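Computed from heavy atoms alone, side chains included, the values below leave out hydrogens, waters and symmetry copies. Bear in mind the structure is a predicted one, so any value in this text is a computation, not a measurement. One-based numbering along the sequence shown.
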Amino acid sequence: MSRIGAAELRDAALDHGSFRSWDSAPLDVGADDAYAGELERARAKTGFDEAVLTGEGTVHGRRVAVVACEFDFLAGSIGVAAAERVTAAIERATAEKLPLLASPSSGGTRMQEGTVAFLQMVKIAAAVTQHKRAHLPYLVYLRHPTTGGVFASWGSLGHITAAQPGALIGFLGPRVYEQLYAEPFPAGVQTAENLLRHGIIDAVVGIEALRATLNRALKVITDAPGPPPAALPDEPIPDVPAWESVVASRRPDRPGVSWLLREGATDRVALSGTHGDAATTALALARFGDQPAVVVGQQRVVGGVVGPAALREARRGMALAAGLKLPLVLVIDTAGPALSAEAEQGGLAGEIARCVSDLVTLDTPTVSVLLGQGSGGPALAMVPADRVLAAQHGWLAPLPPEGASAIVFRDTDHAPELAAAQGVRSLDLLRNGIVDTIVPEHPDAADEPVEFAHRLSVAIAREIHDLRETSAEQRYTARLARYRRIGLESR
């Protein structure tokens, strides 16, 4: 596996000729003769004076701070001098309000400096956290290899984390494991691709694509929003039976969140949650009509049921939107909660509760989209936003109509009757103050998926724009009042 050097990383990530070093002479750590000799040989070999370089440059014209390890300098290990350089650079990036790209390639703590070096990870993590608390982007690109305390501190704190293809990434270095336990570490575990499969990182990106990926992410995170698109023409919504909408929402060819992102959004950056239980939640950065947002969307896979991991992924999206001060778009399309021992033992109910709690109090503009099925707790977990849109055939209910029929009539034959009686369809939700706007379908989104995605994108963009024009305090007060009065005004 080839390694990418710090200089190669710098040149690939930044606009040509834009880099300016922030490095000053490294601290004198009082090295003994043996360690001093190692440092001198590393300097002669690499041309670097320490295991990290720091500075700033531009990505498509935007100023960005950079911290990168040089593995060929004592395995990119972090001692006091390297840690001080990293920390000073993070603090400067925070003071100058710059996005920060961190690119570790390291064996971890520098053994020659012992426990004092080990504790340096604390101050680096603290500086990263302060940077993120200032709502500044912290983007991580893990290079081969990244292990130990570096991976367990500033290498794992990114708002977005990508990795070099094939990179060895893990907490315990395989050589250490083999020496300690007299057996090799299981093959294929500590690889970038395996971490992506388990949702631990967001992407595997070749060095040749890094600058383009950074550009797309920064377009969403840092570039100013544009003007709102023209409003959609007013259209009457046909008064069709609720059961007709339920049936339409279950069509296998109905466009879901992936259609919306592909056809209705630009500058898309897909994040984690692509495999396993979390695969029922899509997480992305995107722009709708030049309005930036974090997108959390339920995907109709594996029957469309949602388990605890998917809801944790949704909460990650909420935290990401709050941390980056971006609007949040939530797309609801679920057949209901996973009904299994694993879901119960995984804390499904608690995850639903925490989603509701986090979302209704989130300190950023929020737009929920009832795209299709809206069944049960996982739908409730993503409803309480500043504005709620519904596709014409979107619906919301505490149970699928068949479940409600089973409770009330002890059969499923009365599902159409229960769907009508419970007021689950978009027109009923609009009348009851649960939905603000209905996006028409002509006559069914599955028959016009591209056109519908464009129409929905325009509706989302206008809501985001209007919410950004409102103060955070006004949004928050209005959101709480909205959900406080639901069900009371018609009584």
- prompt: Checking side chain to side chain contact (heavy atoms under 4.5 Å, CB included) for the pair Thr280/Val305: CA distance, chi angles, key distance, verdict?
  reply: CA-CA 8 Å; Thr280 51; Val305 296; over 6 Å; no

Worked verdict on Glu50 versus Arg110 for salt bridge (Lys or Arg N to Asp or Glu O under 4.0 Å): CA-CA 12 Å; Glu50 247 301 341; Arg110 189 165 298 175; 3.0 Å; yes

query: Would Val439 and Val369 satisfy side chain to side chain contact (heavy atoms under 4.5 Å, CB included), going step by step from the backbone distance to the final call?
result: CA-CA 10 Å; Val439 178; Val369 180; over 6 Å; no

message: For a salt bridge (Lys or Arg N to Asp or Glu O under 4.0 Å) check, start with the C-alpha distance between Arg41 and Glu38, then their side-chain angles and the critical distance, and finish with the verdict.
response: CA-CA 5 Å; Arg41 287 188 292 275; Glu38 290 183 74; 5.6 Å; no

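With a 4.5 Å cut-off on side-chain heavy atoms, Thr147 and Gln190 do not count as touching. Using a 4.5 Å heavy-atom cutoff, the side chains of Ile221 and Pro99 are not in contact. For the pair Leu261 and Val331, the minimum side-chain heavy-atom distance is 4.5 Å or more. Contact check for Val306 versus Pro337: no side-chain heavy atoms found under the 4.5 Å cut-off. With contacts defined as side-chain heavy-atom distances shorter than 4.5 Å, the pair Leu136/Leu100 does not qualify. The shortest distance between side-chain heavy atoms of Ser105 and Pro145 falls below 4.5 Å. Contact annotation: the side chain of Glu113 never approaches that of Phe118 to less than 4.5 Å [non-hydrogen atoms, C-beta and beyond]. Within the 4.5 Å cutoff, no side-chain heavy atoms of Ile207 are placed close to those of Gln164.
Sorted by first and then second residue, the salt bridge (charged side-chain N to carboxylate O under 4.0 Å, His left out) pairs involving residues 72-90 (not counting sequence neighbours) are Arg3-Asp72, Asp23-Arg85, Asp49-Arg85, Glu84-Lys123.
Summarising the geometry of Asp290 relative to Arg287, their closest heavy-atom pair is OD1-NH1, 2.6 Å, with the distance given to 0.1 Å. Taking all atoms of both residues into account, the shortest heavy-atom contact from Ala83 to Gln120 is CB-CB, 3.4 Å.
Judged as a ring pair (Phe, Tyr, Trp, His ring centres under 6.0 Å), and not counting sequence neighbours, Phe71 has no contacts.
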Pairs of donor and acceptor atoms involving the side chains of residues 153-162, under 3.5 Å and at least two apart or interchain, shall be tabulated with distances.
unit_1	atom_1	unit_2	atom_2	d
Ser153	OG	Gly149	O	2.6
Ser156	OG	Phe151	O	2.4
His159	ND1	Tyr138	N	3.0

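Listed for the Ser368 side chain is no donor-acceptor partner under 3.5 Å among the backbone atoms of Leu330. Panel note: side chain Thr58, backbone His60; no donor-acceptor pair is recorded below 3.5 Å. Between the side chain of Glu56 and the backbone N or O of Val66 there is no donor-acceptor pair closer than 3.5 Å. Without hydrogens or angle criteria, Thr129 side chain to Ala125 main chain gives a donor-acceptor distance under 3.5 Å.
Using a 4.0 Å cut-off between a side-chain N of Lys or Arg and a carboxylate O of Asp or Glu, Glu351 and Arg354 qualify as a salt bridge.
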